[in-house]
Novice: 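Here's a structure for you.
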Amino acid sequence: MAHKTGGGSTRKNRDSVSKRLGIKLYGGEKAKPGNILVRQKGNKFYPGVGTKQGNDYTIFAIASGKVEFKKRLSKTIIEVT
């Protein structure tokens, strides 16, 4: 019985596809209704005025205007005004 495996491909060479998370529109940029502002896992950023949050924690604009990042009670809030 062989004490070494054959010279085939490795078993541990798999990786998941990246999810492209992060900020899509930064502060001061213009947003239109429906534009995705942030893709995230869990609430790192919270929705404010002019934004809503999807089931997968994506924050998107529901109004047109400029994107603003604000700190309120140690939470970062994204607003479109």
Side-chain angles (χ1 to χ4, degrees):
M1 198 167 152
H3 64 279
K4 291 188 178 180
T5 59
S9 62
T10 61
R11 284 183 180 172
K12 302 174 185 175
N13 219 8
R14 288 185 274 277
D15 198 4
S16 61
V17 180
S18 64
K19 302 296 181 225
R20 276 83 175 179
L21 302 175
I23 299 173
K24 306 301 178 187
L25 285 178
Y26 291 91
E29 293 188 297
K30 290 181 182 175
K32 292 188 281 189
N35 280 15
I36 293 174
L37 307 177
V38 176
R39 283 207 177 272
Q40 58 186 352
K41 291 286 173 224
N43 271 19
K44 182 172 182 178
F45 300 99
Y46 291 83
V49 177
T51 61
K52 281 199 173 180
Q53 182 171 293
N55 292 340
D56 59 351
Y57 299 100
T58 297
I59 297 178
F60 58 93
I62 58 170
S64 55
K66 284 192 176 179
V67 179
E68 293 179 14
F69 288 78
K70 296 182 176 180
K71 283 271 192 187
R72 195 175 299 149
L73 296 173
S74 72
K75 293 180 181 179
T76 306
I77 295 172
I78 303 176
E79 295 183 344
V80 175
T81 53

Novice: Show the nearest heavy-atom pair for residues Gln40 and Leu21, with the distance to one decimal.
Specialist: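 That would be N-CD2, 4.1 Å.
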
Novice: Quick one: closest heavy-atom pair of Val80 and Thr51, and the distance?
Specialist: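 Of all heavy-atom pairs spanning Val80 and Thr51, the closest is CG2-CG2, 3.7 Å.
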
Novice: Would you compute the distance between atom OH of Tyr46 and atom OG1 of Thr76 and round it to the nearest 0.5 angstrom?
Specialist: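 OG1 of Thr76 is found 9.0 Å from OH of Tyr46.
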
Novice: Over all heavy atoms of both residues, which pair between Lys32 and Ala61 is shortest? Give the atoms and the distance, please.
Specialist: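 Taking Lys32 first and Ala61 second, the nearest heavy atoms are O-CB, 3.5 Å.
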
Novice: Any salt bridge (charged side-chain N to carboxylate O under 4.0 Å, His left out) involving residues 37-50? Give me the pairs, sequence neighbours left out, ordered by first then second residue.
Specialist: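 Matches after skipping sequence neighbours: Arg39-Asp56.
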
Novice: Considering only residues two or more places apart or on different chains, which pairs with a residue in residues 19-31 satisfy salt bridge (charged side-chain N to carboxylate O under 4.0 Å, His left out)?
Specialist: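 Checked against salt bridge (charged side-chain N to carboxylate O under 4.0 Å, His left out) - neighbours excluded - no pair reaches residues 19-31.
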
Novice: Within a 6.0 Å radius of atom CZ on Phe69, are there more than 12 heavy atoms belonging to other residues, nucleotides or ligands?
Specialist: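 Counting neighbours around CZ of Phe69, more than 12 heavy atoms of other residues, nucleotides or ligands fall under 6.0 Å, so yes.
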
Novice: Is there a chain of hydrophobic side chains (I, L, V, M, F, W, Y, each step under 4.5 Å between heavy atoms) that links Ile59 to Tyr26?
Specialist: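 Per the 4.5 Å side-chain linkage, Ile59 and Tyr26 are co-clustered.
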
Novice: So which atom in Ala31 and which in Val67 form the shortest heavy-atom distance, rounded to 0.1 Å?
Specialist: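 For Ala31 and Val67, the tightest heavy-atom pair comes out as CB-CG2, 3.9 Å.
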
Novice: Let me confirm one number: the CD1-CG distance from Ile23 to Leu37, rounded to the nearest 0.5 Å.
Specialist: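 Those atoms lie 9.5 Å apart.
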
Novice: Under the rule for salt bridge (charged side-chain N to carboxylate O under 4.0 Å, His left out), what residues qualify as partners of Lys70, not counting sequence neighbours?
Specialist: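 Lys70: salt bridge (charged side-chain N to carboxylate O under 4.0 Å, His left out) contacts with Glu68, Glu79.
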
Novice: In Å, rounded to the nearest 0.5 Å, how long is the span from CG of Asn35 to CZ of Phe60?
Specialist: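 Reported value, rounded in 0.5 Å steps: 11.5 Å.
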
